[in-house]
Amino acid sequence: MKLSVDWLNEFTPLSQIPFETVLEKINTSICEIDDVEEFKSHLSSVITVKIKSLEKHPNAEKLQTTIATDGNKDYQIVTAATNVNVGDIVPLALPGTKLDGKEILDSELRGVRSQGMYCSEKELGMALESSGVLILPKETTLGISVRKLFLWEDTILTIDNKSITHRPDLWNHFGFARELASQLKIPLNSFPLESDTKWESGNQGLTVKTSEHAHAYYVCAIQNVNITNSIPKIKSRLEKCGIRSINNVVDVSNYLLLELGQPTHFFDRSKLEATSFTVSKSKEGTSFALLDDTSPSLPENILLIQNGNTPVALAGVMGGKDSAVTDSTKEIVMESAVFKREDVRYTIRKTNIRTESAVRYEKGLDSYTCLPVIKRAVQLLIENGNPNVKVFEPQGFNHTESKAVTINTNLSFLRHKLGKKISLQEVTDILQRLGFIVTTQDETLSVVVPKYRQNYDVTIPEDLVEEIGRTIGYASIRTEALSMAVETPIRNPLRELERRVKQFLALEVGFNEVYNYSFASASDAKLEVAYTESSLKIANEMPEDHALLRTSLYPGLIKQAKLNQDRFDSVNLFELGRTYHKEGKGSELAEEKRWLSILSLSKQKPTDLTSIEQEFLGLRETISELFFYLNLPKFLWSKQTRSHFHPNASLALHYDGKEVAELGILHTRFSDLYDVKRRVILAKIDMEVLVEIWENHGRNSHFIPPSHFPQGQLDLSLLMNESDPTEPFANLVKTLNIPELESVFVQTIFQGESVGEGKKSVTYRFRLMSYDKTFTQDRFKELSDSLVTAAKDNGYTLR
């Protein structure tokens, strides 16, 4: 947002205070300033001169030699302009002036000295194109800079919009001047909202239907309008704030926006089809021409202004082209309204149209300005070339006219929140300067918020703390160390467990942690069949890909794998997150579950099943190591069926009789669905079950003193059918209760011509440990024979 310092000075005497002090106060107590610049400072050396003589250039047919005077000094200027004559007053750029990046020099053109350059509107930045030198009015004073002539001698402040997004009262010159006056303790001279305007009797047939879609809405008829150019004051102020002058009526609306922050709109009455006005919501497909020459097809529930049954404006955003003020307009209808900020924000989002009016409405204006701004508009119309206008009584409604916000607090609360001892008198003085009405009793305060700040801005005692703090200056509040009791924090076992799990996966085995959105699509919700019926749809409108709350972490990991499958050979991911499940249609809240999900993307071709099986066993070993890391060694893997896993590659891990984890190779139908080219190995751990087991067993000591004797091992290879599981034989060996048996696991699986088609060779490794004596060859043979006998007795074939 741009602010004119000259305009601010009209309301409060900032010129009495050093400008650096003003800037410092704005930055420390009001908002952030992005830039401070002199408006068109490069034109200070462009002055007004009068052409005294004009002759043909002696050495060039298309050039003329002129003598011009500023009233005290003459200048010889060579020009190619054909529209200048003796007696014309024109702008002259003196040597040293920079226009369009080029410096004007005192030079010779074809042997004749030229002491500057006459300027066109384009060169002065007043038009995009121009055909010749700008001819100024005959009464123009000579020798003054064009900055002074066009009222451009001004300093422009560029305010960071984000720093005042919560302060709709500051989005205008009067509101900003009011704030500065209170902060700098200087008077506020002018009150444009107190303009004295007399209404003509009657309403000229205009009516407004009361609507719940606006806080306030008024229209009034204005006759005897004469469309012409605006006066220099209004024209220059609009230009300095980045708004193009259009005509003396439309400019008044834009001027009011910058002066008071209250959007208004003028309709050409002759182009309106009816006399009634309504604030209503659009139907799907509604369309009409807008001022920006577009005719968008509107979705439903866009806020509209309707004249009779015809839409004439996007409420609070943009007017319609068919009812716009033109050079032939003689009678207008003025609109002054305050719309709900939620409705204006919805229109901006759906139409992608963002105007200066919409920017102010979306902040949340109060309706108290609706009628006073009409009076101010009439005053400006009269000033701006319409001295004979007749204004009839406004018609409309105001639903929030009686709204008032009162905040009750006490001095102790304010001191505690500020961290500074401040007197009741100082608090009262600050709040009263800021426009609040303060009533005190002992140390209790009752504070009435001014209307221009009661909507969304100052509503609770903490807001008063902010007002006092920024006024006295946050730098004046001494920084002190926190004074608080040092207490042992409450244990959160789940957080402790999560940190340990992350440490193992990220630091010990090199997996990468990812974070995914908690949203899912309908197809994502179908991956884990067990949770399909418990998916929860999001009430707010969302894209289809994010229409539900997720019931599984797997889809997010799979999508991450898809993005990275062509970038990295090794893709190992994990995510700690929540899933959401709603059982039935009751009023109870959805249940949240906490999971650890792991994904490992195969490095092998999808058809290399033997290598993929080794990778699968590798991830099983990683999860087993995680349980050992958590001091939970007594887990048990078993084959389980999951519809989202391959039927012959699906395991579950149990501990203490409870299922804690699952592991499997993603079924190919889901790999195809998510367009993953490599095999996907997935696992998940129920963190809520795991933390319970960890609390009960993870702190127990499972330590066994190391044996003084060396470890031994035996390998046994069995020939099995390709589809036979390997787990039964391992479980069979455990039932033999061999005292020296420490562990048994599959070392290798081999398939090839040497073992026959449809067969596989499975090598089991048995780790043996004795705690009382060294293994002997006899004992090794005895153990080997017992394993072989067990295999043969149970139908296994030795290899």
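Throughout, numbering of the chain's residues begins at 1 and tracks the sequence.
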Exercise. Any side-chain heavy-atom pair from Trp637 and Arg620 closer than 4.5 angstrom?
Worked result: yes
Problem set entry | Side chain proximity check, Asn516 to Leu553, heavy atoms < 4.5 angstrom | no
Problem set entry | Rounded distance (nearest 0.5 Å) linking atom NE2 of His644 with atom CD1 of Ile558 | 9.0 Å
Problem set entry | Over 12 non-hydrogen atoms of neighbours within 6.0 angstrom of NZ in Lys677 | no
Exercise. Are there more than 12 heavy atoms of other residues, nucleotides or ligands under 6.0 Å from atom CG of Asn309?
Worked result: no
Exercise. So with a 6.0 Å cut-off around NZ of Lys340, is the heavy-atom count from everything else above 12?
Worked result: yes
Exercise. Taking everything shown except Asn352 itself, do over 12 heavy atoms lie less than 6.0 Å from its CG?
Worked result: no
For this session: Considering only NZ, NE, NH1 and NH2 on the basic side and carboxylate oxygens on the acidic side, decide whether Arg495 and Glu498 come within less than 4.0 Å.
Result: yes
For this session: Drop me the distance from Cys31's SG to Met1's CE, to the nearest 0.5 angstrom.
Result: 6.5 Å
Problem set entry | Greater than 12 external heavy atoms within 6.0 Å of Glu496's CD | yes
Exercise. Under a 4.5 Å cut-off applied to non-hydrogen side-chain atoms, are Lys321 and Phe288 in contact?
Worked result: no
Exercise. Do Leu464 and Leu431 come within less than 4.5 Å of each other through their side chains, counting heavy atoms only?
Worked result: yes
Exercise. Within a radius of less than 6.0 Å around CD of Glu544, do more than 12 heavy atoms belonging to other residues, nucleotides or ligands occur?
Worked result: no
Seminar exercise, completed: Heavy-atom nearest pair, Thr355 first then Val317, reads OG1-O, 2.7 Å
Seminar exercise, completed: Applying salt bridge (charged side-chain N to carboxylate O under 4.0 Å, His left out) to Arg349 and not counting sequence neighbours gives none
Exercise. Thr310 and Glu273: side-chain donor and acceptor closer than 3.5 Å?
Worked result: yes
For this session: Tell me whether the centres of the aromatic rings in Phe627 and Phe635 are closer together than 6.0 Å.
Result: yes
Exercise. Can you name the residues that form a side chain to side chain contact (heavy atoms under 4.5 Å, CB included) with Thr275, not counting sequence neighbours?
Worked result: Leu206, Arg269
Problem set entry | Residue pair Glu528 / Ser552: nearest heavy atoms and the distance that separates them | OE2-OG, 2.5 Å
Exercise. Taking the six-membered ring of Tyr452 as reference, does the NZ or CZ atom of Arg178 fall below 6.0 Å from its centre and within a 45° cone about the axis?
Worked result: yes
Problem set entry | Reference residue Asp366; test side chain to side chain donor-acceptor pair (under 3.5 Å); the match among Lys451, Gln454, Arg453 | Gln454
Problem set entry | Least distance between heavy atoms, Pro299 atom then Glu284 atom | CA-OE1, 3.8 Å
Problem set entry | Exceeds 12 heavy-atom contacts within 6.0 angstrom, atom NZ of Lys403 | yes
Exercise. Ring centroid separation for His215 and Phe339, is it under 6.0 angstrom?
Worked result: no
Problem set entry | Tyr456 ring center near His166 ring center (under 6.0 Å) | no
Exercise. Counting only heavy atoms not in Lys559, do more than 12 fall under 6.0 Å of its NZ?
Worked result: yes
Exercise. Looking at Phe519, does the NZ or CZ of Arg550 lie under 6.0 angstrom from its six-membered ring centre and within 45 degrees of the ring axis?
Worked result: no
